[in-house]
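Shown next, in structure tokens, is the structure this report addresses.
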Amino acid sequence: MTPAELSEIYRGYIACLNRQDWPKLDQFVGEDVSYNGERVGLTGYRDLLQLDFRAIPDLHFDIQWLVSEPPRVASRLWFDCTPSGELFGLAVNGRRIRFAENVFYAFSDRRIVEVWSIIDKAAVAAQLPSRP
């Protein structure tokens, strides 16, 4: 697979997430996927994503940077959203926030089999009022 082909697969995956097209997630994610070193499987991974959309009704994945070096992808995703309650242990409660996620993927047979995610939680905390 070429870097361009892998980039297109990844862009299709992000489009699938943004549509919340859960029945098609298995076209992009392997059955035994792991997330941050823990095997969660396709069902567990789907559950994590659905929880994110419940917590952030206007969630939209925006690719800022994308590096494709088969079988791996590195991406910086940007979020400009309004979580309804708590996010990352912080009381966001409907405030509009902006933050980035740096995420790394390993692919096998054209599907994601490993995800390593680092979310800029400090950026979220900096946008919230300070506690007395």
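Side-chain N or O atoms of Ser34 include none that pairs as donor or acceptor with a backbone N or O of Gly37 at under 3.5 Å. Here the side chain of Glu5 pairs a donor or acceptor atom with the backbone of Thr2 at under 3.5 angstrom.
Side-chain contact check for Arg11 versus Leu66: some heavy-atom pair is nearer than 4.5 Å. Asp26 is listed as a side-chain neighbour of Leu42, based on a closest heavy-atom distance under 4.5 Å. The closest side-chain heavy-atom distance from Val73 to Leu6 is below 4.5 Å. A 4.5 Å side-chain heavy-atom check between Val92 and Ile97 finds at least one atom pair inside the cut-off. Here the side chains of Trp116 and Val103 are not in contact, with every heavy-atom distance at 4.5 Å or above. Between Pro3 and Pro70 there is a side-chain heavy-atom pair separated by less than 4.5 Å. Using a 4.5 Å cut-off on side-chain heavy atoms (C-beta onward), Leu17 and Leu25 make contact. Taking 4.5 Å as the limit, every side-chain heavy atom of Ser75 sits out of range of all side-chain heavy atoms of Gln64.
By the rule that hydrophobic residues join a cluster once side-chain heavy atoms approach within less than 4.5 Å of another member, Leu48 and Ile14 end up as members of one cluster. Cluster annotation: Trp78 is not connected to Tyr13 through the hydrophobic network of ILVMFWY side chains, with a link wherever side-chain heavy atoms come within less than 4.5 Å. There is no path of hydrophobic side-chain contacts, each under 4.5 Å, that joins Ile118 to Leu87. Tracing side-chain contacts under 4.5 Å through hydrophobic residues (I, L, V, M, F, W, Y), one never reaches Val113 starting from Phe104; they form parts of separate clusters.
Considering every non-hydrogen atom in both Ser68 and Ser7, the closest pair reads CB-OG, 3.1 Å. Nearest approach of Ala123 to Phe99, heavy atoms of both residues: CB-CB, 4.4 Å. Scanning all heavy atoms of the two residues, the minimum distance from Ile9 to Met1 falls at CD1-SD, 3.5 Å. Residues Ile56 and Cys81 share a closest heavy-atom pair of CG2-CB, 3.5 Å. Contact record, Tyr105 with Val115: CD2-CG2, 3.9 Å, taken as the closest heavy-atom pair. The heavy-atom pair separating Glu31 from Arg39 by the smallest distance is O-NH2, 3.9 Å.
Taking the six-membered ring where the residue is Trp, Phe79 and Phe61 present perpendicular rings, their angle passing 60° and hence far from 30°.
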Give the intermediate values and the outcome of side-chain contact (heavy atoms from CB on, under 4.5 Å) for residues Ile119 and Phe88. CA-CA 9 Å; Ile119 296 173; Phe88 316 129; 3.5 Å; yes
Yes or no on side-chain contact (heavy atoms from CB on, under 4.5 Å) for Ile63 and Leu77, after CA distance, side-chain angles and deciding distance? CA-CA 5 Å; Ile63 301 170; Leu77 300 171; 3.8 Å; yes
Run the side-chain contact (heavy atoms from CB on, under 4.5 Å) check on Arg111 and Val29 step by step: do they pass? CA-CA 5 Å; Arg111 287 187 175 81; Val29 178; 5.9 Å; no
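A side-chain N or O of Ser117 and one of Glu101 form a donor-acceptor pair less than 3.5 Å apart.
In this structure, CG on Asp52 lies 10.5 Å from CD on Gln20, to the nearest 0.5 angstrom. In this structure, Arg95 CZ and Leu90 CG are separated by 10.5 Å, a value rounded to the nearest 0.5 Å.
Between Phe107 and Tyr10, the distance separating the two ring centers is not shorter than 6.0 angstrom.
When each of Asp58, Asp80, Thr82 is tested with Arg96 by the rule side chain to side chain donor-acceptor pair (under 3.5 Å), just one qualifies, namely Asp80.
More than 12 heavy atoms of other shown residues, nucleotides or ligands fall within 6.0 angstrom of atom CZ in Arg98.
Geometrically, Arg46 does not engage Trp22 in a cation-pi contact defined by less than 6.0 Å to the ring centre and at most 45° from the axis.
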